[in-house]
Number of protein chains: 2
Amino acid sequence: MVVQTGVRLSLTEYAVLGLLAREGTSSGYDLMKVAAGSVGYIWSPSKTQLYVVLGRLVDAGLATRRDVPQPDRPDKSLYRLTAKGRQALAEWLDDVDVADDVERHPFLLKLFFGGHGAPDAMVRQLEAYRDSAVARLETYREIERDIVEHDDLERHFGYMTLRFGIARAEATIAWADATLEELAA
Amino acid sequence: MVVQTGVRLSLTEYAVLGLLAREGTSSGYDLMKVAAGSVGYIWSPSKTQLYVVLGRLVDAGLATRRDVPQPDRPDKSLYRLTAKGRQALAEWLDDVDVADDVERHPFLLKLFFGGHGAPDAMVRQLEAYRDSAVARLETYREIERDIVEHDDLERHFGYMTLRFGIARAEATIAWADATLEELAA
DNA sequence: TCATTCATGTAAGCCGTTACATGATTGT
DNA sequence: ACAATCATGTAACGGCTTACATGAATGA
């Protein structure tokens with residue numbers, strides 16, 4: 001049973017809670033780099049927004065800030081979760097909200113209205129989309145190799161997430177190939 | 001060759017251009033209903049935003065507005081594309097922008113940070129996600145039946161788009177099943 | 001009698017982005 | 001000599017959402 005804090009946050013705020021949870025203590029600057037190298041393919045904020053969010057988390061009592069003066073380099077602020085912050089994160093992870101997501105996707109929208117464009121426009125569009133999916137899949141495969149080699153795979157949520165991306169990418173490529181074939185006929 | 005109008009619009013603006021292109025003439029109110037019954041699963045705006053966008057399209061010379069007074073019902077405005085509007089749409093459909101999309105998805109983010117929640121939280125999360133994918137797939141299948149029965153399938157872009165959704169939904173369900181099995185072990 | 005359809009909007013606000021600013025230190 | 005790293009922010013704006021408002025006509 002998770003105790004209710006009743007806090008409602010934006011996606012980015014929860015993401016930062018999550019990152020802080022695994023990092024323990026970190027500066028905004030470092031969080032950006034950590035994010036780029038891990039959740040980056042699911043979620044990546046602008047640094048501006050990250051700093052804003054960190055400030056809000058402190059204001060809401062979900063994190064603490066400790067300023068660290070540095071002689072050589074610019075001063076920095078270190079953040080860490082409070083008990084309340086860890087609770088808010090757990091609450092979010094526990095909360096099942098079945099918001100059926102609208103696939104808000106420019107490419108799909110283009111395809112849908114494809115009939116109003118040049119006859120071959122959608123072929124080029126599909127090829128480009130297919131190519132980017134292939135490239136993405138390759139990147140995922142590389143990350144996968146790394147995980148399988150170095151990590152423990154038991155309940156490895158990062159790996160599960162990655163395999164979601166892989167499954168989707170493969171499905172996308174297969175669909176694009178079939179659709180291109182159909183357009184070529 | 002598509003002549004350049006040089007216009008850059010938001011996704012919603014292009015979507016409205018697309019809808020107007022197929023409708024010919026329509027009020028904002030009617031566009032909302034048309035959208036809900038067609039592109040709804042890819043893109044659905046709030047009515048507020050729709051009205052704002054329509055106004056902007058007129059200001060930009062991409063559509064025209066004609067006010068129609070009605071005795072019984074509230075007056076309405078009818079919109080239709082200008083040549084420039086049709087051109088801007090074609091231009092957009094022609095333009096291949098390879099913005100590799102970040103899968104900005106709450107569920108994935110939760111899964112990624114799953115280790116910081118209750119041990120069984122992700123099981124419930126996955127089940128709910130799987131269920132919603134199954135429900136979505138069923139809806140798609142119904143739409144598909146309708147299309148196959150009543151429409152011409154030659155270069156049917158709406159159908160292609162739908163099959164994308166179907167392919168993704170199926171991949172999602174398969175992945176969720178596998179992942180749930182892994183968590184149960 | 002009460003909800004729904006028709007039809008359009010205003011006001012307020014959230015989330016997020018890009019552009020710009022600062023300024024020492026380290027690497028090429 | 002020039003770029004990149006470190007480190008944090010301000011300002012301005014864009015896109016979108018929710019809540020609220022209006023008011024006659026029709027159907028359960």
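Within every chain, numbering begins at 1; the chains are lettered A, B, ... in the order of the sequence lines, protein sequences first and strands thereafter.
- Contact check, A:Gln70 against D:dC6: no side-chain N or O comes under 4.0 Å of OP1 or OP2.
- Going from atom CG of A:Asp72 over to atom P of C:dG27 covers 12 Å, rounded to whole Å.
- Following rounding to the nearest Å, A:Met32 (CE) and D:dT5 (C1') show an atom-to-atom distance of 14 Å.
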I'd like a list of close polar pairs between nucleotides 12-15 of chain D and the protein, N/O only, cut-off under 3.5 Å.
none

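- In summary, A:Lys110 and B:Asp97 engage in a salt bridge, as defined by a charged side-chain N under 4.0 Å from a carboxylate O.
- In this entry the distance linking NZ of A:Lys47 with P of C:dC20 reads 12 Å, nearest Å.
- Separating the CG atom of B:Leu50 from the P atom of D:dT17 is a distance of 11 Å, rounded to the nearest angstrom.
- Here B:Glu144 pairs with B:Arg141 in a salt bridge; the nearest charged N to carboxylate O distance falls below 4.0 Å.
- Shown here is A:Glu181, whose CD atom has no more than 12 heavy atoms of other residues, nucleotides or ligands within 6.0 Å.
- No donor-acceptor pair closer than 3.5 Å links the side chain of A:Ser27 to the backbone N or O of A:Ser77.
- One interatomic measurement links the two molecules: OH of A:Tyr29 to P of C:dA24, which rounds to 17 Å at whole-angstrom precision.
- Here the straight-line distance linking atom CG of A:Leu126 with atom CG of A:Leu180 works out to 4.5 Å at 0.5 Å rounding.
- Comparing B:Ser27 and A:Ser44 against DNA chain C, the residue whose closest nucleotide sits nearer the 5' end is B:Ser27.
- Ionic pairing of B:Arg124 and A:Asp94 is present here: one or more N-O contacts between side-chain nitrogen and carboxylate oxygen are shorter than 4.0 angstrom.
- Rounded to whole Å, atom P of C:dG16 lies 13 Å from atom CG of A:Leu54.
- Here A:Lys33 does not reach the OP1 or OP2 of D:dA7: none of its side-chain N or O atoms lies under 4.0 Å away.
- Mapping B:Tyr51 and A:Ser46 onto DNA chain C by nearest heavy atom places B:Tyr51 closer to the 5' end of the strand.
- A straight line from CG of B:Asp75 to C1' of C:dG9 spans 13 Å, rounded to a whole angstrom.
- A donor-acceptor distance shorter than 3.5 angstrom exists from the side chain of B:Glu13 to the backbone of B:Ser10, with no hydrogens or angles considered.
- Across the protein-nucleic acid pair, B:Tyr79 atom OH and C:dG9 atom C1' stand 10 Å apart, rounded to whole Å.
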